[in-house]
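Comments concern the structure below.
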Amino acid sequence: MAMLTFKINRYNPDDERRGHYMQEYTLDVQKGTTVLDCLNEIKWTKDGTVTFRRSCRSGICGSCAMTINGVNNLACEVQALALGSSTVTVEPLRGFPVIKDLVVVIDPLVRGLLAVNPYLITKTPPPTDQERFQSPQERARLDGLYECILCGACTSSCPSFWADKDYIGPHAFLKAYRFVADSRDEGAREHLEPLNDKHGLWRCHTIFNCVEACPKDLNPTKAISELKKEIVKESI
Amino acid sequence: MSHIDPETIHDVEGVGIHNIHRHDVVVVGAGLAALRAAVEASTEFDVAVISKVFPTRSHSGAAQGGIAASLANEEEDHWEWHMFDTVKGSDYLGDQDAIEILVKEAPVVVREFEHFGAPFSRTPDGRIAQRKFGGHTKDFGRGGPVLRACYAADRTGHVLLHTLYEVCIKNGVRFYPEFYALSLIIENDVCRGVVGWDVINGGIHVFHTKAVMFGTGGYGRVFRITSNALSSTGDGLSMVLRAGLPLEDLEFVQFHPTGLYQQGILVSEAARGEGGYLINDKGERFMERYAPDKLELAPRDLVSRSIQTEINEGRGIGGKGYVYIDLRHLGAEKIMTRLPQIHELAWKFLHVDCIKDPIPIQPTAHYSMGGIPTDKDGRVLEDGQSKPVAGFFAAGECACVSVHGANRLGTNSLLEASLFGRRAGKTMKQFLREQSDFPDLPAYAARLAIDEVERLLSSSGTESVAAIRGELQEKMMEKCGIFRDTSQLRSMMVDLQKLENRYQNIRIDDRSEKYNFDLLEAIELGHMLDFSEIIVAGALAREESRGAHSRTDFPERDDDKWLKHTLAWRKNGRITFDYKKVVITRFQPKERTY
């Protein structure tokens, strides 16, 4: 048990003159309590206007990605005491326009995703009354790709995205490679061509921020380098 | 009849109608049932999805263990075995005509998911991999557990949800993410649309449609310990009640045996399917006493009661409110390939490394067997029996077909949601082919919704939403949980009345229209209070123990009096009941032991 000070980014779209400011709340925090638990506690007992997204609170829905003590993470997966500091600074994901307090516009994430034709593309019709076969080795190539929860922590941490708002983004590259790497997919060109664009793959400067930011320990930078090879291979 | 004039609506002051949208179909919710219906209907019609969370944030994504289908990829299996297990699991309350559809169409639905691109785990010869799950057996219960649950590691819900979202993108489904449905527009038994609130910008939006489909999910959040998301507040159920329609079998609430201690976060049944043990304070595998044959792989109602009994009788770990699930003997490799998410959750939330230490768990409110009564094709039934509301469909956890009866088997929910979502989509297409025009929209279509938002935004009472909700969750857990009796349930009815009265005197801090979760939580609490009354009243009325409904004062199942479905209405604050016959075809009710 310890008293922690939460410094929370406040922004009310109806009060543009005030703009962004940090507001402090103190809370008695027990072991095992997550940053999301603390935000809920603040909202429910101290100030109902504090606003953030949340849903599953078990690290699978991707709603509560935010910047905690300068690091992108899921608020529901970070234990407040484990941060080891008496002040916890909570800010919205960088690089996205802020709607209110900790809530950001996620349209750029969706735009990036849509750009890569994010679905299995097949030309051969599937067998009747049967699944398509895929060996465990082929399926293993999707490990580290299919687990993405679209929380946006990676793209928010990426300097290329900060510089270019139309940058497709590491989350979408990871998704593109999830299909290109799938033995069942027959639409590599359709996933790859949109990446060969001035807002695409070549803007990645392998800074690895996305890898550090991913709360699911995925590796978009690796996916990007695989995609570059595929583009050369497919001579796009 | 006067109608809303789209030309003049933008002039309204205050909380007015911001816009009217027209789509052939509006699906409310974006989980498995909702998106599967959207995928189906969008092959032919203009489909919009409105959801209070971005689609991939839906709670279907938290499902872990698998989706049932007798593919027989790993060993012999038959739909008849799956049917027997589901009927027995339901404690004979499931409708057998609907269950027969469920188990026969299951292989088609699962293979379709594979064709859509879902990354299932694979057998050595490249087929969809299958694992064991509670209550799923060989040879009509005579054999051992069967490999029937099709899985993608322990992230099955996640991959199915994302796959459907991807197919929706491909099919051009129109999404309205972060739109909160406020009320249904039903007049003269015809559903004409739904009224929603734009969470991001504020403002009332009227969705004028030929067909509305509800896939609004469950309500675990009325209990203190739950596996469900903060957004699983059962809004769809009370929207239906408020429209004067009944709910079916709401007293049947599933407690999942293994939630992380104090958090309630799901530890998949796959953990037991892969061989995990349940251990009490004395180090005993106590399931030997409750289900000598199936042990940890008995159905959830039985395992949850057993755990709770151990805890109540002082054999919880250190006398506290939890027991252990022990996976250590499975070894690091099996844990990391088959149960990687369990390993991650136990570590992140309890700092337990389940390769080295057992995980503290307790039963957690998980799933609603009851819901909006529908027929086998997803049509919502106005009388709960046979008469459909034209243009209104439902599937998934919010609906009651009923395939789960008094207790759902693990992996049957992903199956039921997708399979009946798909059927509802097909029914909607048929329905829409015969509808040339949009039904008239009544002038007061949005009145209820506008009134509710205006009242809450200007509420200046003294009660806090969080305090009322906290008491509701605490009391529902204590008085309407795994074990129930007359005096506790009566006292809960009184508590609910008091909480309702306090709810009339709430205050919210945030008065703005943009991204106002303070407002949404107040609306959600209103819904929770409404349908909780149906849960408790139904539980009080049903004087027997069946499946998940366990009455200590009526410990036996009573087929003479209670082999029937509850239908409940709430009109002018009063609850009325009717009952419906259970459909029995192949399997006559008999004693249920495991």
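In what follows, chains carry the letters A, B, and so on, assigned in the order in which the sequence lines appear, proteins first and then strands, with residues in each chain numbered from 1. Excluded from the calculations below are hydrogen atoms, water molecules and symmetry mates; all remaining heavy atoms, backbone and side chain alike, are included.
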Under 3.5 Å: donor-acceptor pair, side chain of A/Arg57, backbone of B/Ala229: no
Contacting moiety of A/Lys175, where chain B heavy atoms sit under 4.5 Å: side chain
Top contributor to chain B interface from A/Cys76, A/Gly62, A/Gly32 [non-hydrogen pairs under 4.5 Å]: A/Gly62
Test salt bridge (Lys or Arg N to Asp or Glu O under 4.0 Å) applied to B/Lys514 and A/Asp101, A/Asp14, A/Asp15, the passing residue: A/Asp14
Minimum heavy-atom distance between B/Ser512 and A/Lys100, given as atom pair plus value: OG-NZ, 2.9 Å
Atom group of B/Ala118 that falls short of 4.5 Å from chain A, counting heavy atoms: backbone
N/O donor-acceptor pair under 3.5 Å between B/His162 side chain and A/Glu147 backbone: no
Structural part of B/Arg155 lying under 4.5 Å from a heavy atom of chain A: side chain
Evaluation steps, salt bridge (charged side-chain N to carboxylate O under 4.0 Å, His left out), between B/Glu521 and A/Lys43: CA-CA 11 Å; B/Glu521 288 189 6; A/Lys43 183 173 183 67; 5.5 Å; no
Short N-O contact, B/Glu178 and A/Arg53, less than 4.0 angstrom: yes
Heavy atoms from other residues, nucleotides or ligands near NZ of B/Lys320 exceed 12 (cutoff 6.0 Å): no
Portion of B/Thr123 that has a non-hydrogen atom of chain A nearer than 4.5 angstrom: backbone
Option in A/Leu113, A/Ile149, A/Leu114 with maximal non-hydrogen atom pairs under 4.5 Å from chain B: A/Ile149
Whether over 12 other heavy atoms sit under 6.0 Å from A/Lys222 NZ: no
Which portion of B/Pro107 sits near chain A, non-hydrogen atoms under 4.5 angstrom: neither
Top contributor to chain A interface from B/Ile200, B/Thr163, B/Asn201, B/Leu260 [non-hydrogen pairs under 4.5 Å]: B/Ile200
Contact origin within A/Phe179 toward chain B - heavy atom pairs under 4.5 Å: side chain
Between B/Tyr165, B/Tyr515, B/Phe349, B/Phe54, the one whose heavy-atom pairs under 4.5 Å with chain A are most numerous: B/Tyr515
Proximity breakdown for A/Val78 and chain B, heavy-atom pairs closer than 4.5 Å: neither
Structural part of A/Thr34 lying under 4.5 Å from a heavy atom of chain B: side chain
Which atoms of B/Gln262 approach chain A - backbone, side chain, both or neither, heavy atom under 4.5 Å: neither
Closest heavy-atom pair and its distance - B/Arg57, A/Ile106: NH2-CD1, 4.2 Å
Interchain contact, A/Asn40 with chain B, by part (heavy-atom threshold 4.5 Å): side chain
Region of B/Val159 in contact with chain A, defined by heavy-atom distances below 4.5 Å: side chain
Contact residues of residues 115-136 of chain A (partner chain B; heavy-atom separation under 4.5 angstrom): A/Pro118, A/Tyr119, A/Leu120, A/Pro126, A/Pro127, A/Asp129, A/Gln130, A/Glu131, A/Arg132, A/Phe133, A/Gln134, A/Ser135, A/Pro136
Taking every non-hydrogen atom, the tightest pair across B/Asp510 and A/Gly48: CB-O, 4.2 Å
Heavy atoms of other groups near A/Lys31 NZ, more than 12 under 6.0 Å: no
Portion of A/Leu36 that has a non-hydrogen atom of chain B nearer than 4.5 angstrom: side chain
Presence of salt bridge, B/Lys170 and A/Glu190, under 4.0 angstrom: no
Atom group of B/His115 that falls short of 4.5 Å from chain A, counting heavy atoms: both
Within 6.0 Å of CD in A/Glu186, more than 12 heavy atoms from elsewhere: yes
Engaged part of B/Arg469 at the chain A interface, taking heavy atoms whose separation is under 4.5 Å: side chain
Between CD1 on residue A/Ile60 and OG on residue B/Ser58, distance to nearest 0.5 Å: 12.5 Å
Side-chain heavy-atom pair B/His59, A/Cys61 within 4.5 angstrom cut-off: no
Contact summary for B/Leu350 and A/Gln79, nearest pair of heavy atoms: N-NE2, 4.4 Å
Shortest non-hydrogen separation from B/Arg122 to A/Arg184 and the atoms involved: NH2-NH1, 3.5 Å
Residue pair A/Ser58 / B/Leu345: nearest heavy atoms and the distance that separates them: O-CD2, 3.3 Å
Which atoms of B/Ser227 approach chain A - backbone, side chain, both or neither, heavy atom under 4.5 Å: backbone
Between CD1 on residue B/Ile265 and SG on residue A/Cys56, distance to nearest 0.5 Å: 7.5 Å
Segment of B/Arg221 engaging chain A (4.5 angstrom heavy-atom cut-off): side chain
B/Glu344/A/Lys216 ion pair, N-O < 4.0 Å: yes
